[in-house]
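Beneath this line is the structure, given in structure tokens, with notes to follow.
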Protein chains: 2
Amino acid sequence: MSNAKVLPLLEPEAVAPCCPPLNERPMSADEAEVAAKMFKALGDPVRLRLFSAVASHEGGEACVCDISDVGVSQPTVSHHLKKLKEAGLLSSERRGTWVYYRVEPSVLAAMGALLSGAAKAA
Amino acid sequence: MSNAKVLPLLEPEAVAPCCPPLNERPMSADEAEVAAKMFKALGDPVRLRLFSAVASHEGGEACVCDISDVGVSQPTVSHHLKKLKEAGLLSSERRGTWVYYRVEPSVLAAMGALLSGAAKAA
DNA sequence: TGTCTATGTTGACGTCTATCGAAACAGGTG
DNA sequence: CACCTGTTTCGATAGACGTCAACATAGACA
């Protein structure tokens with residue numbers, strides 16, 4: 001329904017300031033709530049495999065029919081893809097009969113910087 | 001009690017091969033299950049704040065009394081810290097009256113590389 | 001030595017959300 | 001219209017989150 005305004009994560013200017021490096025300073029409650037949604041989206045084996053399948057596919061986009069081989073039913077796959085899309089990690093596009101999912105590099109970079117910064121100083 | 005053998009994630013040689021970059025190839029079910037546990041551990045706002053508080057503290061270790069200011073009761077804090085420890089992200093050590101938690105750099109680096117690698121190529 | 005206080009952990013319980021599959025529905029093609 | 005792809009709805013099961021109470025462990029003090 002109101003998917004377009006569920007999260008402001010799709011905007012790059014909303015991603016960058018949301019995630020200071022983990023070791024810089026203690027996260028505030030608001031920052032943690034935003035960042036936790038992204039981590040939670042990847043906190044499921046099925047979603048992680050789906051996301052990896054999309055990210056490793058040619059051009060960073062993949063048809064659902066190519067990544068439905070994760071051991072669960074297709075409705076469940078659609079459900080997980082929807083959650084990844086709501087978290088801002090994927091974006092869907094319909095090209096004729098098939099639906100293609102694509103990764104969001106900005107959000108991925110934000111999460112990587114969040115962890116890499118903490119790993120560097122530790 | 002039997003904390004030492006809950007997960008083999010504490011060994012660096014178990015961390016490195018568990019997480020190929022997300023965009024290299026589709027994750028297997030076993031790899032995804034291991035990596036999802038780490039992401040799931042950070043998929044909660046309270047845990048994320050606790051982890052950030054430990055990581056940003058002096059020397060990467062912090063007493064529980066210093067990070068209990070997250071808006072929940074202390075038993076809840078202890079529960080979340082236990083989950084972070086079970087995921088291999090933290091390690092606890094008792095120094096007298098107080099208990100100090102410390103970050104595990106190797107696991108953090110693995111997660112960062114997992115995402116940074118995917119962000120680079122995407 | 002014995003007791004008392006303080007710090008963290010653990011267990012049990014209630015509540016809430018997540019996950020998954022079966023069936024029905026929308027979108028697009030030949 | 002018949003067919004296929006993918007989404008949505010609905011309900012049932014399982015697990016996560018949070019608090020209250022009780023239990024270990026370490027130091028203080030008489």
Side-chain angles (χ1 to χ4, degrees), chain A residues 1-4 6-7 29 32-33 35-51 53-54 57 61-87 89-102, chain B residues 1-4 6-7 29 32-33 35-51 53-54 57 61-87 89-102:
Chain A
M1 256 184 273
S2 53
N3 284 339
V6 171
L7 281 178
E33 202 163 343
K37 284 180 183 172
M38 304 191 295
F39 283 113
K40 194 173 193 175
L42 294 180
D44 184 90
V46 176
R47 280 198 292 268
L48 201 53
R49 270 212 281 174
L50 288 172
F51 188 81
V54 174
H57 212 265
E61 68 178 13
C63 172
V64 178
C65 57
D66 291 330
I67 60 178
S68 299
D69 236 0
V70 289
V72 293
S73 64
Q74 284 174 3
T76 303
V77 170
S78 189
H79 197 137
H80 283 303
L81 288 173
K82 185 181 179 181
K83 289 204 169 183
L84 286 169
K85 189 168 63 176
E86 285 177 2
L89 294 168
L90 293 179
S91 59
S92 68
E93 184 186 0
R94 182 159 210 154
R95 301 183 64 173
T97 307
W98 294 275
V99 177
Y100 291 87
Y101 278 82
R102 192 176 37 176
Chain B
M1 267 160 264
S2 55
N3 287 336
V6 172
L7 279 179
E33 203 162 343
K37 282 180 185 174
M38 303 191 294
F39 283 113
K40 195 173 192 174
L42 294 180
D44 184 89
V46 176
R47 280 196 294 269
L48 200 53
R49 270 212 281 174
L50 289 172
F51 187 82
V54 175
H57 214 264
E61 69 179 13
C63 171
V64 179
C65 57
D66 290 330
I67 60 178
S68 299
D69 234 1
V70 290
V72 293
S73 61
Q74 284 176 1
T76 304
V77 170
S78 191
H79 272 137
H80 283 303
L81 287 173
K82 186 182 179 181
K83 289 202 172 184
L84 286 169
K85 189 169 62 176
E86 284 178 3
L89 295 168
L90 293 179
S91 61
S92 67
E93 183 187 359
R94 181 158 212 154
R95 301 182 65 172
T97 307
W98 294 277
V99 177
Y100 291 87
Y101 279 81
R102 193 175 37 176

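Atom set for the values below is all heavy atoms of this structure, side chains included, hydrogens, waters and symmetry mates excluded. Chain letters run A, B, ... following the sequence lines, proteins first and then strands; every chain starts at 1.
Distances shorter than 4.0 Å separate some side-chain N or O of B/Arg47 from OP1 or OP2 on D/dC17. Distances shown here put a side-chain N or O of B/Lys83 below 4.0 Å from the OP1 or OP2 atom of D/dC17. One finds no side-chain N or O of B/Lys82 lying less than 4.0 angstrom from the OP1 or OP2 phosphate oxygen of C/dG8. Phosphate contact (OP1/OP2 of D/dA16, side-chain N/O of B/His80, threshold under 4.0 Å): absent.
When every heavy atom of A/Ala36 is checked against every heavy atom of B/Pro45, the shortest pair comes out as CB-N, 3.6 Å. Residues B/Leu42 and A/Phe39 come closest through the heavy atom pair O-CB, 3.5 Å. A pairwise comparison of heavy atoms in A/Leu89 and A/Ala41 identifies CD1-CB, 3.7 Å as the closest pair.
A straight line from CD of A/Glu93 to P of D/dG6 spans 14 Å, rounded to a whole angstrom. The CG atom of B/Leu48 sits 13 Å away from the P atom of D/dC17 (whole-angstrom rounding). Rounded to whole Å, the distance from CG on B/Leu84 to P on D/dC17 is 10 Å. Atom pair B/Leu50:CG and D/dC17:P shows a separation of 12 Å (rounding to whole Å applied). We find that CD of B/Glu86 is positioned 12 Å from P of C/dT9, with the value rounded to whole Å. Counting to the nearest Å, the P atom of D/dT7 and the OH atom of A/Tyr100 are 13 Å from each other. Look at CH2 on A/Trp98: it is 9 Å from C1' on D/dC4, rounded to the nearest Å. Separating the CG atom of A/Asp44 from the C1' atom of D/dA14 is a distance of 13 Å, rounded to the nearest angstrom.
In this structure, A/Thr97 has no side-chain contact (heavy atoms from CB on, under 4.5 Å) partners at least two apart in sequence or on a different chain.
For the contact set between residues 61-69 of chain A and DNA chain D, defined by any heavy atom under 4.0 Å, the members are A/Cys63, A/Val64, A/Cys65.
In this structure, the separation between NZ on A/Lys37 and CD on A/Glu86 is 10.0 Å, given to the nearest 0.5 Å. To the nearest 0.5 Å, the span separating CG on A/Leu81 from OH on A/Tyr101 amounts to 4.5 Å. Taken to the nearest 0.5 Å, the OH atom of B/Tyr100 stands 13.5 Å off from the OG atom of B/Ser92. The NE2 atom of B/His57 sits 14.5 Å away from the CZ atom of B/Arg102 when rounded to the nearest 0.5 Å. To the nearest 0.5 angstrom, A/Met38 atom CE is 13.0 Å from A/Leu84 atom CG.
Heavy atoms of B/Tyr101 sit under 4.0 angstrom from primed sugar atoms or phosphate atoms, though from no base atom.
Taking the side chain of A/Val72 as heavy atoms from C-beta on, and the options C/dG21, D/dG18, D/dG6, the nearest nucleotide is C/dG21. Residue A/Ser78 places its side chain closer to D/dT8 than to any other of D/dG18, D/dT8, C/dG8.
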What donor-acceptor contacts under 3.5 angstrom involve side-chain atoms of residues 61-78 of chain A, with partners at least two apart or in another chain?
residue	atom	partner	partner atom	Å
A/Ser68	OG	A/Val64	O	2.6
A/Ser73	OG	A/Thr76	OG1	3.0

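Every pair passing side-chain hydrogen bond (donor to acceptor under 3.5 Å, both in side chains) that includes a residue from residues 42-51 of chain A is listed here, sequence neighbours excluded: A/Arg47-A/His80.
Across its full length, the helix from C/dT1-D/dA30 to C/dG30-D/dC1 shows an angle of 20° between the axes of its 5 terminal pairs at either end, rounded to 10 degrees.
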Base, backbone or nothing for each nucleotide of nucleotides 20-26 of chain D, written B, S, -, heavy atoms under 4.0 angstrom, 5' to 3'?
BB---BS

